[in-house]
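For reference, the structure discussed in these notes is given below.
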Amino acid sequence: MVAAIVPPYLLARLAAAPPERFAHAAHAARATLAVVREYRPGRTRLRLSIDADGALVAETAPGPDRAISDAENRERLPGRLVRREDDPATSDTAVDEAFDGLGATYDLLWDAFARDGLSGRGDELPATVHYGVDYDNAFWNGERMVFGDGDGEVFTGFTRSLSVIAHELAHGVIDAEGGLDYRGQSGALNESFADVIGALAEQHLRGQTAAEASWLIGEGIFTAAVQGRALRSLAAPGTAYDDDVLGRDPQPAHMRDFVVTDDDNGGVHINSGIPNRAFHLVALTLGGFAWERAGRIWYRTLAARELPTDADFAAFATATVRTAVREYGGQSEEARAVRAAWAEVGVDSDERPVP
């Protein structure tokens with residue numbers, strides 16, 4: 001499984017763009033689609049804070065171990081190592097954006113879920129930037145996160161978006177927890193969980209509540225020539241972009257609109273809008289910081305390793321309700337919110353309320 005942030009249907013639309021609109025980007029999209037991406041199956045830090053009485057609190061916590069490489073616009077991995085954990089910032093924007101983005105995602109995983117990196121064992125966080133020429137994507141290849149620079153007409157550099165960086169790192173977390181088959185509904189759940197982590201990483205860095213957040217994935221990676229805000233919206237699937245060349249965001253928000261297709265590995269990027277919307281509903285209902293309760297339920301559902309790798313939406317819904325019941329109680333606000341959210345998007349759960 002090679003999980004990429006830009007879905008193939010969007011690249012295909014761009015590849016067919018009229019030359020008078022996006023000639024360079026269309027060529028870049030065709031080249032991006034042609035690339036074969038091969039899949040290949042601690043540190044501590046001192047953190048200072050101020051307590052309620054104004055006293056300085058010093059505590060040790062695990063720290064990330066980042067390693068950023070430069071592909072130098074070739075399609076060879078890993079590329080030349082250019083920044084390690086203790087190195088200073090470079091003059092390369094993409095290198096430093098990747099470094100900072102991986103650090104912000106690590107902070108979310110540790111602060112919210114006490115997870116030390118990809119596997120939870122403090123392993124290295126490897127990434128490669130400047131992959132290919134005008135490469136219009138970012139992906140996880142089973143070993144590292146890889147980021148293209150974009151074509152400059154439609155896509156800017158993919159390291160510009162923390163939600164993109166966190167999304168790709170999250171695929172590594174999913175793999176480490178046993179994986180979700182990258183096809184059909186299990187593949188859409190794979191993409192959705194990565195989107196959830198992408199959104200939460202941005203919110204955690206910015207200190208945003210669920211109500212304050214944009215819930216966009218890939219905000220800022222489109223150029224001004226594109227009529228769109230981002231690649232996807234968890235709050236309103238199907239509304240992230242509407243462009244005369246790229247088309248309209250095809251994500252459904254309800255099972256009645258589920259897309260049956262053989263493309264995109266059975267619609268993994270399209271149908272992920274349904275579980276994305278369910279998570280957003282839970283987060284908005286519970287309020288506050290989404291990583292504290294909604295995120296905890298989703299993460300613990302994955303980390304429990306009770307899901308089959310081919311889990312469908314109903315199986316995942318049942319598992320999230322079960323997690324909420326186990327963590328907070330059968331009649332808790334959290335359990336009610338999870339049940340209601342899945343019902344709202346048309347997914348049935350076999351887990352019934354506890355009398």
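Note that this is a predicted model, so its numbers are computed, not measured.
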Would you say [Y] and [X] are linked by a side-chain donor-acceptor pair, where the criterion is simply a distance under 3.5 Å?
X: Glu191; Y: Tyr182; result: yes
X: Trp291; Y: Asp111; result: no
X: Asp92; Y: His130; result: yes
X: Thr128; Y: Ser69; result: no
X: His269; Y: Asp264; result: yes

Any non-hydrogen side-chain atom of [X] less than 4.5 Å from a side-chain atom of [Y]?
X: Leu109; Y: Leu169; result: yes
X: Leu102; Y: Ile68; result: yes
X: Arg232; Y: Pro7; result: yes
X: Ile197; Y: Val173; result: no
X: Val347; Y: Phe258; result: no
X: Asp134; Y: His27; result: no
X: Leu200; Y: Phe279; result: yes
X: Val6; Y: Phe139; result: no

For the student: nearest non-hydrogen atoms of [X] and [Y], plus distance:
X: Ala337; Y: Thr285; answer: CB-CG2, 3.9 Å
X: Asn137; Y: Leu11; answer: ND2-CD1, 3.6 Å
X: Leu281; Y: Ala341; answer: CB-CB, 3.8 Å
X: Tyr241; Y: Ala230; answer: CD2-O, 3.5 Å
X: Val245; Y: Pro18; answer: CG2-CD, 4.1 Å
X: Ile270; Y: Pro252; answer: O-CD, 3.2 Å

Regarding [X] and [Y], does a basic nitrogen lie under 4.0 Å from an acidic carboxylate oxygen?
X: Arg121; Y: Asp116; value: no
X: Glu333; Y: Arg293; value: yes
X: Arg229; Y: Glu219; value: no
X: Glu292; Y: Arg296; value: no
X: Arg21; Y: Asp244; value: yes
X: Asp70; Y: Arg83; value: no

Quick one, Arg80 with Glu72, criterion salt bridge (Lys or Arg N to Asp or Glu O under 4.0 Å). Give me CA distance, side-chain angles, the key distance, then yes/no. CA-CA 8 Å; Arg80 179 172 58 90; Glu72 299 174 320; 2.8 Å; yes
According to a hydrophobic-cluster definition based on side-chain heavy atoms being under 4.5 Å apart (Ile, Leu, Val, Met, Phe, Trp, Tyr only), do [X] and [Y] belong together?
X: Leu125; Y: Leu108; result: yes
X: Tyr9; Y: Val154; result: yes
X: Leu118; Y: Trp110; result: yes
X: Phe22; Y: Leu231; result: yes
X: Leu162; Y: Phe289; result: no

Identify, with sequence neighbours excluded, every residue that meets salt bridge (charged side-chain N to carboxylate O under 4.0 Å, His left out) alongside Glu168.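 Scan of Glu168 (salt bridge (charged side-chain N to carboxylate O under 4.0 Å, His left out), adjacent residues dropped) gives none.
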Can you tell which of Arg66, Arg84, Arg144 makes a salt bridge (Lys or Arg N to Asp or Glu O under 4.0 Å) with Glu124? Arg84
Are any side-chain N or O atoms of [X] and backbone N or O atoms of [Y], one a donor and one an acceptor, separated by less than 3.5 Å?
X: Arg74; Y: Tyr131; answer: no
X: Thr156; Y: Gly220; answer: yes
X: Asp249; Y: Gly238; answer: yes
X: Asp96; Y: Thr90; answer: yes
X: Asp149; Y: Gly157; answer: no
X: Gln185; Y: Phe313; answer: yes
X: Glu153; Y: His24; answer: yes
X: Arg30; Y: Ala15; answer: yes
X: Asn73; Y: Gly132; answer: yes
X: Ser161; Y: Phe158; answer: no

Over 60° means perpendicular and under 30° means parallel, so classify the ring planes of [Y] and [X], tilted if in between.
X: Trp342; Y: Phe316; answer: perpendicular
X: Tyr299; Y: Phe113; answer: parallel
X: His167; Y: His171; answer: perpendicular

Not counting sequence neighbours, list each pair that qualifies as a side chain to side chain donor-acceptor pair (under 3.5 Å) and has a residue in residues 303-313.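 Matches after skipping sequence neighbours: Glu177-Arg305, Asp181-Thr309.
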Straight-line distance of [X] [atom1] to [Y] [atom2], nearest 0.5 Å:
X: Ser163; Y: Leu234; atom1: OG; atom2: CG; value: 9.5 Å
X: Gln251; Y: Ser272; atom1: CD; atom2: OG; value: 4.0 Å
X: Asn271; Y: Ser192; atom1: CG; atom2: OG; value: 11.0 Å
X: Leu302; Y: Leu189; atom1: CG; atom2: CG; value: 10.0 Å
X: Ser233; Y: His280; atom1: OG; atom2: NE2; value: 7.5 Å
X: Ser332; Y: Glu327; atom1: OG; atom2: CD; value: 10.0 Å

Does atom NE2 (His254) have a neighbourhood of more than 12 heavy atoms from anything else shown, all under 6.0 Å?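 More than 12 heavy atoms, drawn from other residues, nucleotides or ligands, come within 6.0 Å of this atom.
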Is the number of heavy atoms from other residues, nucleotides or ligands within 6.0 Å of CZ (Arg326) greater than 12? yes
Between Trp215 and Asn276, is a side-chain hydrogen bond (donor to acceptor under 3.5 Å, both in side chains) present by the stated rule, with each step listed? CA-CA 10 Å; Trp215 293 98; Asn276 276 0; over 6 Å; no
Working note: Val146 + Trp140, criterion side-chain contact (heavy atoms from CB on, under 4.5 Å); need CA distance, chi angles, decisive distance, verdict. CA-CA 6 Å; Val146 183; Trp140 162 258; over 6 Å; no
Decide if the gap between the ring center of Trp298 and the ring center of Phe193 is smaller than 6.0 angstrom.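 No, ring centres 6.0 Å or more apart.
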